[in-house]
Amino acid sequence: MSIKVRYFASLKESLGCDGVELSGAESLTVQQVWSQATGQITLPDNILVAVNMAYVDQTAEITDGDEVAFFPPVTGG
Amino acid sequence: MSIKVRYFASLKESLGCDGVELSGAESLTVQQVWSQATGQITLPDNILVAVNMAYVDQTAEITDGDEVAFFPPVTGG
Amino acid sequence: MIIKLSAEAFEPFEEVKRFQKQQAEFAGAVGATSIFIGTMRDFNDGDSVVSMSLEYYPGMTERQLEMIVTEALERWVVLNVLVVHRVGDISPGDPIVLVVVETSHRGDAFDACRFIMEALKSKAPFWKKEQLASQQSRWVENNSKGYAP
Amino acid sequence: MIIKLSAEAFEPFEEVKRFQKQQAEFAGAVGATSIFIGTMRDFNDGDSVVSMSLEYYPGMTERQLEMIVTEALERWVVLNVLVVHRVGDISPGDPIVLVVVETSHRGDAFDACRFIMEALKSKAPFWKKEQLASQQSRWVENNSKGYAP
């Protein structure tokens with residue numbers, strides 16, 4: 001199982017990198033991906049999550065090859 | 001007492017003129033101006049009325065020198 | 001506020017650019033610009049329309065437009081407004097009306113622009129007469145409502 | 001539907017004119033065009049802002065914009081939509097976003113344009129970082145709501 005984790009904007013700055021590759025045997029939830037990738041136990045409420053560029057909630061299941069992105073509230077327009 | 005009466009758009013066409021000057025001694029309501037100007041007893045409900053270029057309702061009192069305009073629903077924009 | 005009646009075809013974006021240039025003092029404050037352009041369609045009520053003439057009430061039309069824009073300026077936080085409206089003979093595709101509202105925040109721009117258009121459609125004395133492809137002509141009887149029921 | 005991300009400054013009215021030219025088949029059917037332009041202000045939250053950088057998520061941003069416009073096309077009777085959004089480094093006065101909605105009737109143009117802007121503001125992955133006159137920089141934390149409470 002290989003998962004590409006990406007961070008954007010202020011989250012990228014505060015974590016000090018733009019992402020990480022996770023590999024392992026088990027199936028993971030978004031929450032677990034966050035913990036493994038960042039070492040933080042809880043995914044903050046205001047952080048948005050996208051899997052393969054579509055929004056998901058924090059309980060979504062991640063499968064092999066997925067790209068999981070974490071980012072702060074969007075501020076375009 | 002002198003009143004300038006004006007018609008616009010389809011009303012101007014159906015009455016066959018763009019207005020008339022009324023003169024007389026008495027004070028008039030909009031409804032009475034319409035009757036004297038057109039010879040018609042009743043001002044149709046959908047006809048809008050302006051006195052000195054401001055909208056009024058059919059019970060407004062007209063005074064000497066006023067310009068009274070009658071016209072159909074507006075269709076600009 | 002700038003309000004113009006134009007007896008000749010106008011180019012909306014040239015009008016907006018000229019307006020923006022005249023209002024250069026607002027440049028850094030403008031965050032939102034809402035623009036509405038009404039153009040003449042080549043069909044209406046199921047009939048093909050070849051041209052149109054727009055009658056108005058000189059004096060009252062300008063005055064009503066001013067009152068409408070003044071009300072918008074009182075109700076929303078607006079930096080500036082431009083309204084241009086055609087009169088006279090019009091061809092399909094020609095712009096009929098242009099409303100431009102500049103604000104700092106988008107809610108005000110959207111609300112004020114729509115308010116001005118709806119008020120203009122119901123209060124400003126303009127009347128359209130359509131020349132149909134069938135050679136007949138007819139007065140447009142009523143403007144549609146712009147809001148969903 | 002045309003959706004563009006632009007790493008360079010764009011001129012909104014040139015974009016609209018090019019769009020209209022490409023869609024000439026709609027010309028006689030267009031009765032209403034609603035345009036929204038968001039521009040960078042030189043102040044925000046009480047501070048003077050000298051420049052801004054706009055980050056985005058290549059791939060997802062385009063995809064979200066397409067989903068938003070597709071939803072608008074399903075909900076309203078719309079002839080065509082153009083969305084242009086800046087990314088990268090931006091100066092005060094620069095256009096950030098342009099939304100153009102062409103319809104036959106004005107209600108659809110107003111509603112769809114506003115829907116697209118509100119959805120873009122809440123769903124499209126863009127992030128603004130402001131460079132202040134005080135030399136500090138900061139991420140914009142949240143977009144305001146565009147509708148009155």
Side-chain angles (χ1 to χ4, degrees), chain B residues 1-22 28-38 40 42-77, chain C residues 3 5-6 36-41 44-45 49 52-68 83-88 90 94-99 113-130 137-146:
Chain B
M1 173 125 164
S2 168
I3 297 162
K4 184 175 185 182
V5 180
R6 302 184 68 177
Y7 312 126
F8 290 92
S10 56
L11 188 63
K12 176 169 67 183
E13 282 190 0
S14 63
L15 294 172
C17 69
D18 65 2
V20 63
E21 296 271 344
L22 294 185
L28 296 173
T29 66
V30 163
Q31 182 64 255
Q32 290 168 322
V33 169
W34 169 263
S35 300
Q36 287 200 16
T38 65
Q40 296 179 6
T42 315
L43 176 56
D45 274 348
N46 70 329
I47 293 297
L48 300 171
V49 189
V51 174
N52 301 327
M53 302 187 177
Y55 284 106
V56 296
D57 65 34
Q58 302 192 357
T59 60
E61 295 279 336
I62 304 307
T63 59
D64 192 26
D66 282 350
E67 172 170 307
V68 183
F70 297 99
F71 46 79
V74 302
T75 57
Chain C
I3 292 168
L5 300 182
S6 174
F36 181 84
I37 302 167
T39 40
M40 187 189 155
R41 288 180 288 124
N44 192 25
D45 276 344
V49 183
M52 197 163 76
S53 62
L54 247 165
E55 186 175 333
Y56 72 115
Y57 182 172
M60 180 167 176
T61 304
E62 295 89 330
R63 189 171 150 172
Q64 288 297 317
L65 292 174
E66 270 178 43
M67 287 173 60
I68 290 165
V83 176
V84 184
H85 202 293
R86 267 300 294 282
V87 295
I90 295 178
D94 280 358
I96 298 171
V97 61
L98 166 68
V99 176
C113 187
R114 191 163 196 171
F115 169 81
I116 290 168
M117 268 309 299
E118 297 308 318
L120 182 157
K121 284 255 176 190
S122 66
K123 291 182 195 158
F126 293 104
W127 302 274
K128 288 174 181 154
K129 188 176 192 176
E130 297 174 331
S137 68
R138 66 180 176 204
W139 290 95
V140 176
E141 291 196 354
N142 272 296
N143 271 335
S144 59
K145 297 269 173 278

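Values reported hereafter were calculated over all heavy atoms of this structure, with side chains retained and with hydrogens, waters and symmetry mates removed. Sequence lines set the chain letters: A, B, ... in the order given, protein chains first and strands last, and positions in each chain run from 1.
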Would a distance-only check, ignoring hydrogens and angles, find a side-chain to backbone donor-acceptor pair under 3.5 Å from B/D64 to B/S2?
-> yes

Main-chain N/O of C/W127 paired to C/W139 side chain as donor or acceptor, under 3.5 Å | no

With chain C, the option among B/A50, B/P73, B/A9 that has the most non-hydrogen atom pairs under 4.5 Å is B/A9

Quick one: which of C/G38, C/S144, C/A124 has the most heavy-atom pairs under 4.5 Å with chain B, could you say?
-> C/A124

Greater than 12 external heavy atoms within 6.0 Å of C/M67's CE | no

Heaviest contributor of heavy-atom pairs below 4.5 Å to chain B, chosen from C/M117, C/R86, C/E141, C/K123, is C/K123

For the candidates B/K12, B/M53, B/R6, which exhibits the highest count of non-hydrogen atom pairs separated by less than 4.5 Å from chain C?
-> B/M53

Heavy-atom distances under 4.5 Å only: say whether C/S122 touches chain B with side chain, backbone, both or neither.
-> backbone

Report yes or no: do B/W34 and B/Q58 form a side-chain donor-acceptor pair below 3.5 Å?
-> no

Which bit of C/K128 comes within less than 4.5 Å of chain B, counting heavy atoms only: side chain, backbone, both or neither?
-> both

For C/Y56 and C/H85, run side chain to side chain contact (heavy atoms under 4.5 Å, CB included): C-alpha distance rounded to whole Å, both residues' side-chain angles, the deciding distance at 0.1 Å, then the answer.
-> CA-CA 10 Å; C/Y56 72 115; C/H85 202 293; over 6 Å; no

